[in-house]
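Letters A, B, ... mirror the listed sequences (proteins, then strands); counts begin at 1.
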Protein chains: 2
Amino acid sequence: MASRQDLLDTLAQVGKALGSGHRLALLERLAQSEASVETLANNTELTVGNASAHLQHLRRAGLVTATRSGKQVIYRLTDERIVTLMTLLREVAETNLAEMERLISQLFGSDDPGGSLEAVSRDDLLAGLREGSVALLDVRPQEEYQAGHLPDAINIPLDELETMLDALPRDREIVAYCRGPYCVMSHEAVERLRKLGFRVRRFDEGFPEWKAAGLPVH
Amino acid sequence: MASRQDLLDTLAQVGKALGSGHRLALLERLAQSEASVETLANNTELTVGNASAHLQHLRRAGLVTATRSGKQVIYRLTDERIVTLMTLLREVAETNLAEMERLISQLFGSDDPGGSLEAVSRDDLLAGLREGSVALLDVRPQEEYQAGHLPDAINIPLDELETMLDALPRDREIVAYCRGPYCVMSHEAVERLRKLGFRVRRFDEGFPEWKAAGLPVH
DNA sequence: CAAACATTCTATTGTTTATTAGAATAATGG
DNA sequence: CCATTATTCTAATAAACAATAGAATGTTTG
């Protein structure tokens, strides 16, 4: 006979799956787009065997699904709610763990912890887009941009930023975004573009959060 | 220098804390009301030492806080969001893990998996309360009722159900609730009251979910 | 200040988990 | 059907975690 504790133990499987930095890295990568084991291994600096083991752990916990496509096995998140779950996990951690704040300010520069002071919120961005007063810049690699991006966003991967300045407007504010709150690419882009005289701020979320909120993507 | 992986590893601390059935049981208990280590140990069938160790794990993860009150140390959830986090975890698990469904139908009786067919949703309950067409019955122990309950709910702990039938109306539908989705007390109460001729259904959530949703409590 | 009590810490044991390297499996393209 | 390539499985080792009993700590109450 099943007991309440059996249920909680099964629930704990899902918690356990979230209890490893490597698995969270895999989930964050999968929030950008589905991908093969090899791609995921490269993106997270894991060996292929190890990545495969972690992905199976995630699959047993119901967080990802796998389908074979030719020679490759493609993994994807089972659900948009996984992104919501990770966002909530992040918010709880940021509110309650001093360690998180310390790491965030180290990673993003201590003058402006988290870059939150000058970041654009979702509501602000939506208002700006409605008015036509901002241009959206996606600084992720082309591959991830193609798998899905915010409406009307221009894609200039960070590597190629300085070679494609012509594509950027000088008469409107630019809002740059990337993979999500822990991704440094948009910070970097803002810094470099400001030195070149552009009016630019960063979006305080990333593509996965936008999509999970049910907002339109292209 | 801090790296993105350090952030994810710290986040994983929170995930890890959710990765044990015993810790989830402690969190569920704390969602009802704050409590001392001894109370928590008794409620979850852990030894005091073991409960203390798990509680410290939860505290390091920022999910609970501890304050001393006289001889006792009282633990409580840091945040209403912890309840939301557990609800989301549960929803993801129920959607994606076949094992969960199996256990739920075993625990709650297989005719009506989860009791969901005949359960009252939050919206239905709110409508019924507005109209005055339902009476609310809280079947949790008195202690938990006193720490907080739904507005105008009558408290009859499950043990004393048959001795306090006079307090229950026969001209209105009764809606029974207890600790939450995995708590069998309201199922049990509905079953027993129906045999006695009452018109009664159960609420498909519990006190913690109601409170976390920002609805009024007494 | 000392007795009583609740809680936490320590040390130990056994179990689970992560990682690596290398073998086995499965699917495609010639 | 064989060679190639991607992925998973296997085995071994090292590290992390859970549980228990008993000692130590800290607070209250007389």
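Under 3.5 Å, the side chains of A/Arg81 and B/Thr95 contain a donor-acceptor pair of N or O atoms. In this structure, a donor-acceptor pair under 3.5 Å is absent between the side chains of B/Asp204 and B/Ser121. A side-chain donor-acceptor contact under 3.5 Å links A/Arg140 and A/Gln32.
Not a single donor-acceptor pair under 3.5 Å links the side chain of A/Glu94 to the backbone N or O of A/Glu91. The main-chain N or O of A/Leu46 is never found under 3.5 Å from a side-chain atom of A/Asn50 such that the two would form a donor-acceptor pair. With hydrogens and angles disregarded, no donor-acceptor distance shorter than 3.5 Å links the side chain of B/Asn96 to the backbone of B/Ala93. Looking only at distances, no side-chain donor or acceptor of A/Ser52 sits under 3.5 Å from a matching main-chain atom of A/Val48. When atom types are taken as modelled, the side chain of B/Arg194 and the backbone of B/Val200 share a donor-acceptor pair closer than 3.5 angstrom.
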Reading 5' to 3' through nucleotides 6-13 of chain D, protein heavy-atom contacts under 4.0 Å coded B for base, S for sugar-phosphate only, - for none
SSBS----
Enumerate, atom names and distances included, each donor-acceptor pair closer than 3.5 Å involving a side-chain atom of residues 18-28 of chain A, sequence neighbours excluded.
unit_1: A/Ser20; atom_1: OG; unit_2: A/His22; atom_2: N; d: 3.3
unit_1: A/Ser20; atom_1: OG; unit_2: A/Arg23; atom_2: N; d: 3.1
unit_1: A/Arg23; atom_1: NE; unit_2: A/Ala17; atom_2: O; d: 2.8
unit_1: A/Arg23; atom_1: NH1; unit_2: A/His54; atom_2: ND1; d: 3.1
unit_1: A/Arg23; atom_1: NH1; unit_2: A/His57; atom_2: ND1; d: 3.2
unit_1: A/Arg23; atom_1: NH2; unit_2: A/Lys16; atom_2: O; d: 3.0
unit_1: A/Glu28; atom_1: OE1; unit_2: B/Arg4; atom_2: NH1; d: 2.6

Name the pairs: protein N/O against N/O of nucleotides 1-3 of chain D, kept only if under 3.5 Å.
none

Just the table, please: protein N/O against nucleotides 15-18 of chain D N/O, every pair under 3.5 Å.
unit_1: D/dC17; atom_1: OP1; unit_2: B/Lys16; atom_2: NZ; d: 3.4
unit_1: D/dA18; atom_1: OP1; unit_2: B/Arg23; atom_2: NH1; d: 3.2
unit_1: D/dA18; atom_1: OP1; unit_2: B/Arg23; atom_2: NH2; d: 3.4

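Using cut-offs of 30° and 60° for the angle between ring planes, the A/Phe203 and A/Trp210 rings count as perpendicular.
Cation-pi check for B/Arg59 over B/Tyr75 is not met; the charged atom does not lie both under 6.0 angstrom from the ring centroid and within 45 degrees of its normal.
With sequence neighbours excluded, the residues that form a side chain to side chain contact (heavy atoms under 4.5 Å, CB included) with A/Glu38 are A/Ser36, A/Asn42.
You can see that DNA chain C meets the heavy atoms of chain A within a 4.0 Å-exclusive cut from C/dT17 to C/dT28, reading 5' to 3'.
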